[in-house]
Amino acid sequence: MLLNTSISQLEQSLQQKKISSVELVTEALSQATAQNKTLSDFITLREKEALLTQASSLDAMKKPKSRLHGIPFSLKDTYATKDVLTTAGSNVLQSFIPPYNATVYQKLLDAGAILIGKNNQDAFGHGSSNENTDFSPAKNPWNTQHIPGGSSGGSAISIATRAVSFAIGEDTGGSIRNPASMCGISGLKVTYGRVSRYGAVAYASSLDSVGPMAKSAEDLALILEVIAGADPLDATTATRPSEPYATDLNTDMKKVVIGNPKEFFAEGIDPEVKQIVLAAAEEYRQAGATLEEVSIPFLEHSIAIYYSLAMSEASSNLARYDGVRYGASRDAFTQENKRRIMGGTFALSSGYADKFYKTAQKARTVLIEEYAKVFQKCDVLLAPVTPTPAAQLGQLLNDPLTILLEDLYTVTINTVGVPSLAIPAGFTKNKLPVGMQLIGKKYAERQLLQIGHAYQQRTDWHTQQPPTIGTDNDR
Amino acid sequence: MTDNTYSLVCGMEVHVELKTVSKMFCGCANNPFHAEKPNIHTCPVCLGMPGGLPVANRTAIDWTIKLGLALGCTINQVSKFDRKHYFYPDLPKGYQISQYDLPFCEKGQLNTAEGAVRIRRIHLEEDTGKLQHTTLDGRKVSLIDFNRGGVPLVEIVTEPDITSPAHAKAYAKQLRDILRYLDIADCDMEQGGMRLEANVSLRPVHKTQLPDYKIELKNINSFRFLEQAIHYEMQRQQAALEAGEQLHQETRGWDSVKNRTFAQRTKEAAADYRYFPDPDLPPIELPDEHIATIQSSIPELPAQVVVRWSDQFAVDPRFGLPLATSPENVALFEDVFAQLTAQQQSPNTLASDLHNKRLNISANTSAAKIVAAFQKAHDTAVLDSDELESIISAVLNKNSDAVKKYQNGQTQVLGFLMGQVMKELKSKPDAQQVRTALGKALTT
Amino acid sequence: MKKLPIKHIANLANLSLSEKELAHFEQQLGSTIEYMQQINQLDTGSASPTARVFNDANVLREDRTTASLTQVEALKNASRQHQGYFVVDAILDKE
């Protein structure tokens, strides 16, 4: 299986003509097609013909366009792709063919990477189980009775099963990290403003971030080099240029202080998850890092703060879907979409805006200050991604509050705007993956990737693959 | 108003499209009125497609500040854009990007011949698409064109300082003149490039408290209609109040055929715009230096120009104002006035001639041509008084009957004699000079 | 807290909900909002509101045109179009 190897290995083999992009694409499409029936990780797979044409023309080039030249990837279906269906997992957009490309897709196209297909997700990103999709609910490749996490569930599955080399997810309150953790892959939620949001279907504009998902921190670094940077089409992208994230991933762990925020390990966390993440902290200690207990007191209120903001912005961002210029009517929204639109409309409405939206904005300031204070004492924070491993299918439906609480450890990072790297940290007794997250200061992506890489040098959780799913019948 | 029991309480909201090259938040052409076809100046941003993001037009912001400074406003050093939510098919995103609590400009004033009007605020927003109502296959439908959607739109809001329909008209006209003078808007009223709204209510003359209702007069597309509509409203409201009727908040339009206002159906039953800062648009900081740079780019305004012309060239401001329509015209007439002054001729006479349409000049003319036309029209300097006297005495000799009649008190023959003298003169004389000379000859 | 103005919210949100849905959302939203209310007990001291976590200001574009979509591209996803226009049913007053 070619796609089981790292991007840099693939890059090398491609350059030495040991393998071709045509072979990679063929393998990717075959794997994706086979497993999609069971796992439903793709909403759209591109036509084989078109893929092979693109791959062979890339193979014919003398000079690679970038280090991602000829590498197959997928996009969460939240990114606009010219002439390719873009649904955001919703019936509202079930036949929407954008006449434009999202910036992140354009950058990857220009880099010579090959789009295999568009991944399943919770409709408009509303959910963390991938069950709130208007397409078939996606399933966890480690155990198909379980959810893959969400909302970028399809992307995490495609990487875990090696149907693609990497994917671009979108994270508003954990939507990259949550499925990465539940599917046993690596995902990076970048600093707000690090990667352009242009062409990404908006959920909550002050929280949305576009980031890479892949097998390892090393792969993520390569992808981030390509997609990071200012975009004239997004006024909230930082002017600072992309960094050589993939150059020299090694770091001296003896110089690193890792903070353990105690509230992230308090009541409500599954004992197995807690034990796995604490074991990872111990691994870092053995590697020479200094561990320090720190505190984010406002964490317990973070769900209320986050959802006041996220639902308010969602109600605004989803106002454009009126079925006039594109898409179906507003009746086509899912129950979860409608719930968030209603909640946000309420939180912004006259007489309530001060109590909800405005108060949440003030609390957001306090959270930002708490994080700033903690980062005076340590370089990164180490925390679990979700309180529990992947739930069983259907378990999280119909209980809106429980769904929200699943996001307790991830939402503050978006509220504050800092980066967070989720990487595999172990497995439960039932063989379900459990991830951890390394949270950094603004624009500290490089440091996070180095520290994540150090862990992946010492452990092999990230190399584990789920049991084989699908057959080779389609080959 | 027929009597003095009520006085007018009136403020205005004027929307003006700025004539930037591109739209407010995207690079589509800002050319809604001359587009060949509907929906050709659109993109994912101004069509509100998924993932479209706004990026604000620097020039539109600078021009808004320019207008604010020209109207004596305070410029907010930190400003931002907010989302204003309501649903209407001409509003692609379900919200309009506007400014809520931090507009670019606040607290200015515009002085008109009818009195001053305080400006409450000036903010910048995006225009909506254009709806056209028709019937298709027996169904009543609206057609939407988004060429206008996203065009930069400034809204100028006044305090309720307007005291008469003429005051409203003077304010609106002068505002248009300033916008054109600054060269930031075409203000095409017909096309909707400038849209007038007046909030009209009445209060008993002895009370200072503002009325508890407000009638919004909308969709008025000429200054004359504005004046007529306010006048009509005052009478209508007075009649209603005198009949003991309770007036309520209402939007009314102007029917220019029947010459009356009429109640309009409004889109928002209970408006709740749910404003919040647009997260897609970083705030705008305006340091003093930047404001000073914009200030220095503002040309001398008509109100200042006419005062200076009055001091410098003795030109009556009433005649000067219609000439100060643009910085180019100010420079042109400045040149004309200087040339006339150098030749000991009166700039005020020229200004007065133009004002009274005694002298017509074509567009794009030069100072030299205007001076020549003026001199040709008057031609007073070349008329030699000896020559005039000899012509007059020849005419009087030839028409001794008329002279007798005049001397017998039939002064109406003076006109006939004037005509005879004028006929003999080769160049076009100053009638006043001729009349004086003739009168003198007849009485001696 | 007062009874939720659920119909008014649905109207503001431009969602046409059935009586059943309204009742359903009233209950669900009620419990969510009750939970959210905890933020009103928080001591946020003198903290000023944060609307954005992106700290740059004055990110503007120059007044230049860029390529627009063609009329065909602009309209191709529309459910109804007529001679280059988008089409909607004539707007009727709500409520």
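Just so it is clear: chains get the letters A, B, ... in the order the sequence lines come, proteins before strands, and each one is counted from 1.
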So, the part of C:Arg52 with a heavy atom under 4.5 Å from chain B: the answer is side chain
* Asked: Tell me, do B:Leu143 and C:Val87 make a side-chain contact under 4.5 Å, heavy atoms counted?
  -> yes
Honestly, the part of C:Gln81 sitting under 4.5 Å from a heavy atom of chain B is neither
Closest heavy-atom pair, B:Thr42 versus C:Ser68, reported as atoms and distance to 0.1 Å, is O-CB, 3.3 Å
Nearest heavy-atom contact between C:Asp63 and B:Thr20 is OD2-CB, 3.3 Å
message = Contact between C:Leu69 and B:Pro44 at the side-chain level, heavy atoms closer than 4.5 Å - yes or no?
response = yes
Check your understanding: Would you say the side chain of B:Asn57 lies within less than 4.5 Å of the side chain of C:Arg61, judging by non-hydrogen atoms?
Key -> yes
- Task: Could you please spell out the steps behind the side-chain contact (heavy atoms from CB on, under 4.5 Å) verdict for C:Tyr85 and B:Thr134?
- Result: CA-CA 12 Å; C:Tyr85 292 93; B:Thr134 186; over 6 Å; no
Closest non-hydrogen contact found for B:Pro283 with C:Asp56 is CD-O, 4.0 Å
Flag the pair C:Arg80 / B:Val141 as yes when at least one side-chain heavy-atom distance between them is below 4.5 Å, and no otherwise.
yes
Applying a strict 4.5 Å limit to non-hydrogen atoms, the region of B:Pro277 in contact with chain C is both
So, the part of B:Lys80 with a heavy atom under 4.5 Å from chain C: the answer is side chain
Cut-off 4.5 Å, heavy atoms of chain C, and the answer for B:Leu286 is neither
Cut-off 4.5 Å, heavy atoms of chain C, and the answer for B:Phe276 is neither
Counting heavy-atom pairs under 4.5 Å with chain C, the top scorer among B:Ser142, B:Cys46, B:Pro282, B:Cys43 is B:Ser142
One should read off an interatomic distance between C:Asn58 CG and B:Ile61 CD1, to the nearest 0.5 angstrom, of 7.5 Å
Minimal heavy-atom distance between C:Gln71 and B:Ile40, with the atoms involved, is CB-CG2, 4.0 Å
